[in-house]
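Encoded as structure tokens, the structure appears first; notes follow it.
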4 protein chains.
Amino acid sequence: MGQSAREEPKWRRRAESRPDEILDAALVTFEKDGFDAARVEDVAKKAKLSKAGVYLYFDSKDAILRGLIEREVAPVARNLRAVAEAGMDDPAGALQRVAAAFTALVNDKRKLAVPRIVLSVAARYPDIAQYYRENVLEQGLSAIVALIEAGVAKGVFRPCDPGIAARMLFGPIFVHGLYTHFLHGDPGPLSPAERVKAHTDILLKGLLASR
Amino acid sequence: MGQSAREEPKWRRRAESRPDEILDAALVTFEKDGFDAARVEDVAKKAKLSKAGVYLYFDSKDAILRGLIEREVAPVARNLRAVAEAGMDDPAGALQRVAAAFTALVNDKRKLAVPRIVLSVAARYPDIAQYYRENVLEQGLSAIVALIEAGVAKGVFRPCDPGIAARMLFGPIFVHGLYTHFLHGDPGPLSPAERVKAHTDILLKGLLASR
Amino acid sequence: MGQSAREEPKWRRRAESRPDEILDAALVTFEKDGFDAARVEDVAKKAKLSKAGVYLYFDSKDAILRGLIEREVAPVARNLRAVAEAGMDDPAGALQRVAAAFTALVNDKRKLAVPRIVLSVAARYPDIAQYYRENVLEQGLSAIVALIEAGVAKGVFRPCDPGIAARMLFGPIFVHGLYTHFLHGDPGPLSPAERVKAHTDILLKGLLASR
Amino acid sequence: MGQSAREEPKWRRRAESRPDEILDAALVTFEKDGFDAARVEDVAKKAKLSKAGVYLYFDSKDAILRGLIEREVAPVARNLRAVAEAGMDDPAGALQRVAAAFTALVNDKRKLAVPRIVLSVAARYPDIAQYYRENVLEQGLSAIVALIEAGVAKGVFRPCDPGIAARMLFGPIFVHGLYTHFLHGDPGPLSPAERVKAHTDILLKGLLASR
DNA sequence: TATGAATGAGGTTTCATTCAT
DNA sequence: GATGAATGAAACCTCATTCAT
């Protein structure tokens, strides 16, 4: 109240929040332009920092990318595992919930940008590819695989290859995200929830032990 | 002896084959390094041409990419359509054959490189994204959609959203390709044929009208 | 106990010793990396100060260099003059003592670093070159020149060009220092004292009036 | 004749001479500004080339330096050795001729720039220091050492440490060069030839076996 | 007095593209 | 048709220096 003349120091002394601000800016910039075409200066500008300022917090452009991946990756993996593990005694229901969670994730263009970037730089930064694979993909896959195996063991699901089943869960959602977000493909008339339902209807019918 | 006047022309007129040789080289180079990191000089070297020589056949680096996409794209789309259309009266069998064809395609790392590159430059070259979407993705999707719809009409398949079903066909195969080729993920123990079978088993069970 | 109000001042008022600490640090850093490659931050770190702290005491990087030269230079010149002047009545003995003193000086890599730095920045900072020349070189030379001239006047030395003689005293010692310290040349088997002796033996035999 | 309008193609097609032109330009630029302060762009400009053009012939700024050292070094070493070796049967005369040759060398500011540069970057590029030491200094020294030893063996010179004697030959000349060229010290009234004479007079008197 | 945070200016290097031959 | 030579434009990164606290 009354101190309206000093609303915001505008900058200074926010070292703690800087790395995150830079990563936020980088995510947006990399998503828009791709890693190579993105200029560090643009990241800096969006983070309201000078170019040199960025280098106070990250050693190099690819260190920013690494930081970004590391920050973005953990929650995704954690999220998927949690949903999967929470439903081990109701595999069919859990499958639907995982599909819904993954759909929500993929619907967020910013979140989907990360695997796209990883994919495009994987050849040059194998460590990034490896990190992503081990910390997201294998985590997610193994969680679903466990879920499917549990379902099979319970007799809820027919015997099947759980890796294939897992890909049948994630694959369609992921490609739909790429198609609509990055290639501007027509998302179709269904709402996300309807898509999840249509998808899991078919998938579960394919998986469930008859009667 | 005596043919001293015609020792060996310094260069040969092979203008006709040149563009293709350049595109071959570009495909390999782009696949390895990504579009941005790939240097025109490397493409030239691999095509056994000077850097300037490349510019006799292509106006710019992204023109090469456009040429590449145009060349690679048509056969893929045509192929998938053909398989799908040839099986309109046996939708289930056709589905399996499409899955097999698409698996074969995706197994070829070079072929899979094209969509990966498209994805990574889509933001900067919207025309490329559009071209790819219209000429490959929508072609492929619509062919499968038609197939599914035919199946539903015939009563072979249950009523379902054909777009979703199509993504359930392509998605798992595509992500498996990305995962194994570009992120060096474990391809798992199944042979391609076994993967196709496991995949279509589940998918068809999910789609087929009971009884 | 009980002195909680004075636990430890975060920083101490040691303004007086600071400039010297900075110069010490600068000497080491400049010696190791050269003036250009040395970073102010490294000087600061070695002086246990923040980068900004250095600027409390010196206006700029080259001001540090100037300060360094000023501090290092006076004692050297004074020392050489003193030795020379103390021996005006025994020119031959004084020559030997000057050689010994200069050898001791040059043996100290840190001390030798100063002229090396001066030499490398002389073109950009003519004032530094001038300062060094006037306050060290000309001082040292003139002292020796006076010594030689005294010797000649006394009849102890043959008539000779005293500037040349002076260079014959300093030159060999100086280049030996450069060679061994900065180019890692083999210092040879002789001890410093033996080098001084061998050197002055020849030099004196060359200078002394026969009989 | 009559084609006065096309005097000089101005550039193009002189790849062969380029490296040398660049090294010439670099020598001048490095001599003037020192290695660090010299900008590649200035070297380029002086060589009448674009900045990028320089990189067609040299991989990096320090590659230019290396090239420069390599080019400048061989003739110097060869020259000194030749003079020394040509006079093995007249050591005293040869010593004078070596002194004269070295004086001529050092009188050339451009030539003297090389060791100055080497000295200033030695810490950062140890290979350059080593190269210079092995290919110039040790060559020169060993040639003179051999000469002195020959003189001693012949009974022309008194027994003495030849390394010291060699430094007494080179040292004074070298420091005089540094002093006058780079610190703008007063070269004194003597002509180069007179300096050589004054120098070798003393040195030879110091070295020669009496009668 | 002391410093963490910030930046402007500039340097090296790269590369798509052009052009004379 | 083919290329060696050349360059403009830009990108990454560094560092001396400043300033609010």
Side-chain angles (χ1 to χ4, degrees), chain A residues 9-16 18 36-44 48-64, chain B residues 9-16 18 36-44 48-64, chain C residues 9-16 18 36-44 48-64, chain D residues 9-16 18 36-44 48-64:
Chain A
K10 211 191 227 161
W11 43 285
R12 269 291 157 182
R13 211 88 350 181
R14 50 178 180 182
E16 239 137 289
R18 281 298 198 206
D36 290 280
R39 286 150 58 234
V40 171
E41 179 146 29
D42 293 338
V43 174
K48 302 200 159 128
L49 212 66
S50 71
K51 212 192 328 180
V54 170
Y55 285 91
L56 289 178
Y57 299 95
F58 294 91
D59 280 347
S60 62
K61 193 183 175 186
D62 51 90
I64 301 176
Chain B
K10 269 206 209 70
W11 37 260
R12 282 145 186 285
R13 255 224 208 170
R14 45 175 178 174
E16 265 138 79
R18 281 298 200 204
D36 290 280
R39 285 151 62 235
V40 171
E41 178 148 32
D42 292 338
V43 173
K48 303 202 154 109
L49 210 67
S50 71
K51 215 188 334 177
V54 170
Y55 284 87
L56 291 176
Y57 299 95
F58 293 91
D59 281 346
S60 63
K61 193 182 177 187
D62 50 272
I64 301 176
Chain C
K10 270 208 208 69
W11 36 261
R12 283 143 186 286
R13 250 198 236 177
R14 45 176 179 176
E16 266 139 77
R18 281 297 198 204
D36 289 281
R39 286 151 61 235
V40 171
E41 178 148 31
D42 292 339
V43 173
K48 301 198 155 108
L49 211 67
S50 72
K51 215 190 330 181
V54 170
Y55 284 87
L56 292 177
Y57 300 95
F58 294 92
D59 281 346
S60 63
K61 193 183 178 186
D62 49 272
I64 301 176
Chain D
K10 213 189 228 162
W11 44 285
R12 267 304 149 176
R13 212 88 348 179
R14 49 179 180 179
E16 239 137 290
R18 281 296 196 206
D36 290 281
R39 285 150 59 233
V40 171
E41 179 147 30
D42 292 337
V43 173
K48 302 200 158 128
L49 213 67
S50 71
K51 215 185 336 176
V54 169
Y55 285 89
L56 290 179
Y57 300 95
F58 294 91
D59 282 345
S60 62
K61 192 182 175 187
D62 52 90
I64 300 176

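These numbers were taken from a predicted model, which means no experiment stands behind them. Order of the sequence lines fixes the chain letters, A, B, ..., with proteins taken first and strands second; residue numbering starts at 1 for each chain.
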Test of understanding: with side-chain contact (heavy atoms from CB on, under 4.5 Å), list the residues that count as partners of Y55(A), not counting sequence neighbours. V40(A)

Exercise: identify the closest heavy-atom pair between R18(B) and K48(B): NH1-O, 3.8 Å

Determine: side-chain N/O of R18(A) to OP1/OP2 of dA6(E), distance under 4.0 Å, yes or no. yes

For atom NZ of K48(D) and atom C1' of dT7(F), their distance in whole Å: 17 Å

Listed pairs, N/O of protein and of nucleotides 8-12 of chain E, under 3.5 Å:
from    : atom 1 : to     : atom 2 : distance (Å)
dG10(E) : O6     : K51(A) : NZ     : 3.2
dG11(E) : OP1    : R39(D) : NE     : 3.0
dG11(E) : OP2    : R39(D) : NE     : 2.9
dT12(E) : OP1    : K61(D) : NZ     : 3.0
dT12(E) : OP2    : V40(D) : N      : 3.1

D59(C): what forms a salt bridge (Lys or Arg N to Asp or Glu O under 4.0 Å) with it, not counting sequence neighbours? none

Can you measure D42(D) atom CG to dT13(E) atom C1' for me and round it to whole angstrom units? 16 Å

Return the nearest nucleotide to the side chain of L56(A); candidates are dT7(E), dT7(F), dT3(E). dT7(E)

Given that both pair distances must be under 3.5 Å and the pair must be Watson-Crick or G-U, what runs of three or more consecutive pairs involve DNA chain E? E:2-21 with F:2-21

Contacts of A44(B) meeting side-chain contact (heavy atoms from CB on, under 4.5 Å) (sequence neighbours excluded), chain-then-number -> V54(B)

Separation of atom CZ in F58(D) from atom C1' in dT14(E), rounded to whole Å: 18 Å

Compare side-chain N and O positions of Y57(C) against OP1 and OP2 of dA2(E) and report whether any pair is under 4.0 Å apart. yes

According to side-chain contact (heavy atoms from CB on, under 4.5 Å), who are the partners of A37(A), at least two apart in sequence or on a separate chain? D33(A), R124(B)

One should read off an interatomic distance between K51(A) NZ and R39(A) CZ, to the nearest 0.5 angstrom, of 8.5 Å

DNA chain F nearest-nucleotide lookup for V54(D) and D59(A): closer to the 5′ end is V54(D)

Quick one: side-chain contact (heavy atoms from CB on, under 4.5 Å) partners of S60(C), sequence neighbours excluded? D62(C), A63(C)

